[in-house]
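Quick notes on the structure that follows.
Numbers here are sequence positions counted from 1. When a ligand or atom number is given, it counts from 1 through the structure's own listing order. Every heavy atom of this structure was used, including side-chain atoms; hydrogens, water molecules and symmetry mates were not.
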Amino acid sequence: MKILNLYYSSTGNTKKVADSIDRAVQDMGHSLESINVKENKDTEVDVLEFDFVFVGSGVYAWLPGSPLQDLLINLRKSYVKNGQIKPASPKLPDKKAAVYCSYGGAHTGINEAIPAAKYMAQLFDHLGFLIVDEIYTVGEYIPQNMQEMSYKGRLGDISGRPNEQDLKEVEERVKGILRV
Ligand SMILES: Cc1cc2nc3c(=O)[nH]c(=O)nc-3n(C[C@H](O)[C@H](O)[C@H](O)COP(=O)(O)O)c2cc1C
């Protein structure tokens with residue numbers, strides 16, 4: 001399969017998750033294009049060229065990072081313009097997507113990550129991709145002035161996460177997803 005991993009990572013946690021996804025995809029012998037929107041500000045990508053898309057971000061104020069939001073908004077506009085987003089969003093055969101995010105959940109736990117995952121999924125759902133999974137990984141707050149959120153929040157002590165075990169879980173889960 002031709003697979004795209006499109007993600008935004010501001011402080012590096014989601015990049016660790018993305019790297020685990022990349023490893024799983026390559027281990028399973030698929031072709032991979034991996035794009036970190038942070039390093040590729042003028043990303044031009046046609047998601048319809050891929051059989052399977054992973055799309056991910058850190059969670060900031062309940063949503064994906066604004067560079068990824070901007071990219072998804074621009075893609076939506078161009079697919080609408082080209083007539084590729086149709087009423088009732090009929091399913092496209094053999095097009096699948098999975099969304100993932102890393103989040104700190106200091107205030108309301110996973111509930112503040114769910115809107116981010118749902119947001120990212122919508123472009124693909126609109127296009128007719130089947131959304132096969134949502135992967136949520138805990139990620140510590142990296143900025144110095146936010147560090148107490150990593151141990152005083154709703155999820156308890158999340159310092160050091162995503163850790164090796166978190167990343168191994170992602171890798172195994174992605175292998176499972178790709179067998180569907
Ligand atoms: C400015 C800022 C805002 C954040 N807002 C949220 C939030 O609303 N909800 C949440 O669950 N985590 C929040 N976090 C925690 C991040 O989502 C978490 O650390 C994530 O792993 C960061 O991913 P990244 O390193 O790929 O950027 C925030 C972190 C920062 C730095």
Which residue and atom name correspond to the protein heavy atom nearest atom 15 (C) of ligand 1, and how close is it?
Y141 CE2, 3.3 Å
Is K38 close enough and on-axis enough to Y8, meaning under 6.0 Å and within 45°, for cation-pi?
no
Is A106 close to ligand 1, meaning an N/O of one under 3.5 Å from an N/O of the other?
no
Starting from atom 12 (N) of ligand 1, find the nearest protein heavy-atom neighbour and note its residue, name and distance.
G104 N, 3.1 Å
Contact between A61 and ligand 1, counting heavy atoms under 4.0 Å?
yes
What protein heavy atom sits nearest atom 25 (O) of ligand 1, and how far away is it?
T11 OG1, 2.4 Å
Taking atom 27 (O) of ligand 1 as the reference point, the nearest protein heavy atom with its distance:
Y60 OH, 2.3 Å
Quick check: does any side chain N or O of E140 sit under 3.5 Å from a backbone N or O of I158, one acting as donor and the other as acceptor?
no
Verify, without hydrogens or angle tests, whether K95 (side chain) and L48 (backbone) share a donor-acceptor contact under 3.5 angstrom.
yes
Polar side-chain atom of S9 near backbone of K15 as donor-acceptor pair, under 3.5 Å:
yes
Heavy-atom nearest neighbour in the protein, as seen from atom 23 (O) of ligand 1, with distance rounded to 0.1 Å
S102 OG, 3.2 Å
Between Y60 and S10, is there a donor-acceptor pair closer than 3.5 Å when you use the side chain of the first and the backbone of the second?
yes
Taking atom types as modelled and ignoring hydrogens, do the side chains of S102 and T14 form a donor-acceptor contact shorter than 3.5 angstrom?
yes
Polar contacts were defined as any N/O atom of the residue lying under 3.5 Å from an N/O atom of the ligand; does this apply to K15 and ligand 1?
no
the protein heavy atom lying closest to atom 11 (O) of ligand 1 turns out to be G105 N, 2.7 Å
For atom 19 (O) of ligand 1, which candidate among E140, R161, K38, M149 holds the nearest heavy atom?
E140
Please determine if Y8 has a nitrogen or oxygen closer than 3.5 Å to a nitrogen or oxygen of ligand 1.
no
Looking only at distance, does G12 have an N or O less than 3.5 Å from an N or O of ligand 1?
yes
Any idea which part of P143 is under 4.0 Å from ligand 1, heavy-atom wise: side chain, backbone, both or neither?
side chain
Is there a donor-acceptor pair closer than 3.5 Å between any side-chain N or O of E112 and the backbone N or O of W62?
no
Report, in ascending order of atom number, the atoms of ligand 1 lying under 4.0 Å from any heavy atom of T14.
23 (O), 24 (P), 25 (O), 26 (O)
Among all protein heavy atoms, pick the one closest to atom 7 (C) of ligand 1 and tell me residue, atom and distance.
E112 OE1, 3.4 Å
Polar-atom distance check: M146 versus ligand 1, any N or O pair below 3.5 Å?
no
Between G139 and ligand 1, is there a nitrogen or oxygen pair with a distance under 3.5 Å?
yes
For N82, is the CG atom crowded, meaning more than 12 foreign heavy atoms sit under 6.0 Å from it?
yes
Quick check on contacts: which atoms of ligand 1 are under 4.0 angstrom from a heavy atom of G58?
23 (O)
Please check this pair: side chain of H126 against backbone of Q122, looking for a donor-acceptor N/O pair closer than 3.5 Å.
yes
For ligand 1, which atoms sit closer than 4.0 Å to a heavy atom of S10?
24 (P), 26 (O), 27 (O)
Identify the heavy atoms of Y136 and E134 that sit nearest to each other, and give their distance.
OH-OE1, 2.7 Å
Report the nearest protein non-hydrogen atom to atom 6 (C) of ligand 1: residue, atom name, distance rounded to 0.1 Å.
V59 O, 3.1 Å
Grouping ILVMFWY residues whenever side-chain heavy atoms fall under 4.5 Å, the cluster of I21 otherwise contains M1, I3, Y7, V17, V25, M28, L32, F52, F54, Y100, L130, V132, I135, L167, V170, V174, I177, L178
Just by distance, with hydrogens left out, do D166 and T137 show a side-chain donor and acceptor under 3.5 Å apart?
no
Using 0.5 Å steps for rounding, measure from the CG atom of L127 to the CD1 atom of I85.
4.5 Å
Under 3.5 Å: N/O of I142 near N/O of ligand 1:
no
